[in-house]
Amino acid sequence: MTTDNRTPATPASKHFVRQIIEADLAAGRNGGQVVTRFPPEPNGYLHIGHAKAICIDFGMAQEHGGRCHLRMDDTNPAKEEMEYINSIQEDVRWLGFDWGQHFYHASDYFGSMYAFAERLIERGKAYVCAVPQDDWKDYRGVPTRPGQESPWRNRPAAESLDLFRRMKAGEFKEGALCLRAKIDMASPNIHLRDPVLYRILHAEHPHTGTTWCVYPMYDFAHPLEDAFEGVTHSLCSIEFEVHRPLYDWVIENLMAIRDAGDAAAATWFVHDHPKYQGPQQNEFARLDLTYTVMSKRKLLELVENRLVSGWDDPRLPTLCGLRRRGYTPSAIRNFVETVGVTKFNSLTEVALLEHCLREDLNKLALRRMAVLKPLKVTIENAEALPATVEAQNNPEDPAAGTRQIPFSRELLIESDDFMEVPPPKYFRLTPGGSVRIRNAGFLTCTRVEKDAAGAVQSVICHWSPQTTAMKVKGTIHWVSAPHAKQVPVRLYDRLFTVPEPDGQEQDFKTFLNPHSLEAVTAFAEPAVAEAQPGEKFQFERVAYFVADAYDSRPGAPVFNRTVTLKDLWAKAEQAKK
RNA sequence: UGCCGGAUAGUGUAACGGUAGCACAACAGACUCUGAAUCUGUUUGUCUAGGUUCAAAUCCUAGUCCGGCAACCA
């Protein structure tokens, strides 16, 4: 089911969902099938929190020889749009999962759901209620006190049936009536106090248009969708835990009707199986990450206030944002596996995500040289210079081959790689000192040129070939100045300055990192200009970069910094301050 | 304050009555033509109090703290 088969770095742990599934399999539940589903509501873009759910839903099915359905949970036409339906599919596919033929919409089942609702009314399990929404809170009561019954609770089934049909026909205004389950107004679980099953909505649905005037509520629709599709394990996040008794109530009633031999009911199940006993809901904790926000509302706020460039801004935790930032699907999958699955409400450090990313990128990213803040170097012994030098494309992967890099007497090095008055343990270029220049021998600084203000303008060096026996502690990167390509580079950093922008006194937006994006021009070796959109590189000693998928042009790539290399020296220097 | 969950190093997670382990982070060192990668080592933990048991992170009781639930949202 995964479209690439790189194995996870961490061996899979026997988390509680795996244990449940294996126990069910051992017990022969549902005839030994495992069917799961990923049921997003198409009202926003998917983010890394969804990636966790996707990996679990598809992963559990895949691991146990089952299947996973992709299902748009489109039961609220007021909030859902086609745009999202498309992006969701793209993102799930990008993550590496394939639902095969099993792409569904909750709205596919509106007819069956409606028919089932009528059966419920006939059996005295549901009734049409006319209590206005605002008044209902008095009937419902509060958690500590039982509610009281709706005056319409015991109206004859025939009357409810008639009203329900007229609701469907569009005879009533929104809010005038609703269909309620008849369960228990005294239940300590609020969700069991005669919950709404259907409401009237005169809205155009992205999929069913204006066919329907009544739409099912999530708590009613979801268990039905699962059952109709033959889902065995309905995995969801922890906030639905208190809904489970209602989920089970719907399933029990559905199975009772099916088992009673209702001929129409048999047609509701689009994936029936002789041993299908019904779905079971299990809940796990959502993923939360430091230095970002995850709620749809807050993400939307950032996008709408133009605090980021769009849903796919590379600083956002959206899947399209991460993709544009240069994240790989396998890094994300490994991350989700490493984080594990529990019911504990956790906050995971982004450092772990970044570790998984670097681990993957280190294996696959081609190495190139590029200088971000250039300092000119002039070689004084120009007569002996090679025209080109050879370099490995990826020392971690000899199969990536080698390339020729032009060399000349005018080089650019990183200005941080030269210091006139170096601190102790500085292994780079200093007046009178030597360094190795990557793939191209050595430089010994013989002279420093300064401007009138005393700032270093350029350094003059003596060059020694690779074969020279020279003991140096450092190696720096460089580019040949006359051959250098100037490429736009965006240096992205974390979007927020605090680990938990959410749970603070002030609004989360006050913690936006003003330096989360810095646009600079880098000087790169010629091979960099040939980068294809989406292609990933390590600019040696700097960071991993990806050629932006939208802004790059043939021969003129634009780069996004995906994640920096670890830099112990910079960290130690920072610690001194 | 009613109901439902949860609590193991800084973070995340394992151990399912029998030596508290792993990953990340942090720190130290080795190695290195990337101060990267790799390798080695170090620091740090079972929410509290009782109980059961030869033996408790695990079972029981009481408490503490955290999260969720009172849309005709999902």
Given [N], is OP1 or OP2 found less than 4.0 Å from the side-chain N or O atoms of [X]?
| X | N | value |
| --- | --- | --- |
| A:Lys566 | B:U34 | no |
| A:Lys14 | B:A14 | no |
| A:Arg199 | B:A74 | yes |
| A:Arg541 | B:G35 | yes |

From [options], pick the nucleotide closest to the side chain of [X]?
| X | options | result |
| --- | --- | --- |
| A:Glu396 | B:A37, B:C69, B:A74 | B:A37 |
| A:Gln19 | B:U34, B:A15, B:A74 | B:A15 |
| A:Leu568 | B:G35, B:A36, B:C27 | B:A36 |
| A:Thr338 | B:A23, B:A70, B:A71 | B:A23 |

- Message: When you measure from the centre of the six-membered ring of A:Tyr291, is the NZ or CZ of A:Arg494 closer than 6.0 Å and no more than 45° off the axis?
- Response: yes
- Item | B:U34 versus B:U19 - spacing of their P atoms, nearest Å | 44 Å
- Query: On a whole-Å scale, what distance lies between the C1' atoms belonging to B:G45 and B:C39?
  - Reply: 26 Å
- Query: Counting only heavy atoms not in A:Lys343, do more than 12 sit closer than 6.0 Å to its NZ atom?
  - Reply: yes
- Does A:Arg428 pair with A:Glu414 as a salt bridge, N-O distance under 4.0 Å? no
- Query: Does the ring of A:Trp569 meet both stacking tests against the six-membered base ring of B:G35: centre distance under 5.5 Å and plane angle under 30°?
  - Reply: yes
- Stacking check: are the rings of A:Phe427 and B:G35 less than 5.5 Å apart at their centres and under 30 degrees in tilt? yes
- Where along residues 236-250 of chain A does a heavy atom come under 4.0 Å from RNA chain B, residue by residue in number order? A:Glu239, A:Phe240, A:Glu241, A:Val242, A:His243
- For A:Glu204, which residues count as a salt bridge (charged side-chain N to carboxylate O under 4.0 Å, His left out) partner, sequence neighbours excluded? none
- Message: What I want to check is whether an N or O donor and acceptor connect the side chain of A:Arg428 with the base of B:G35 at under 3.5 Å.
- Response: yes
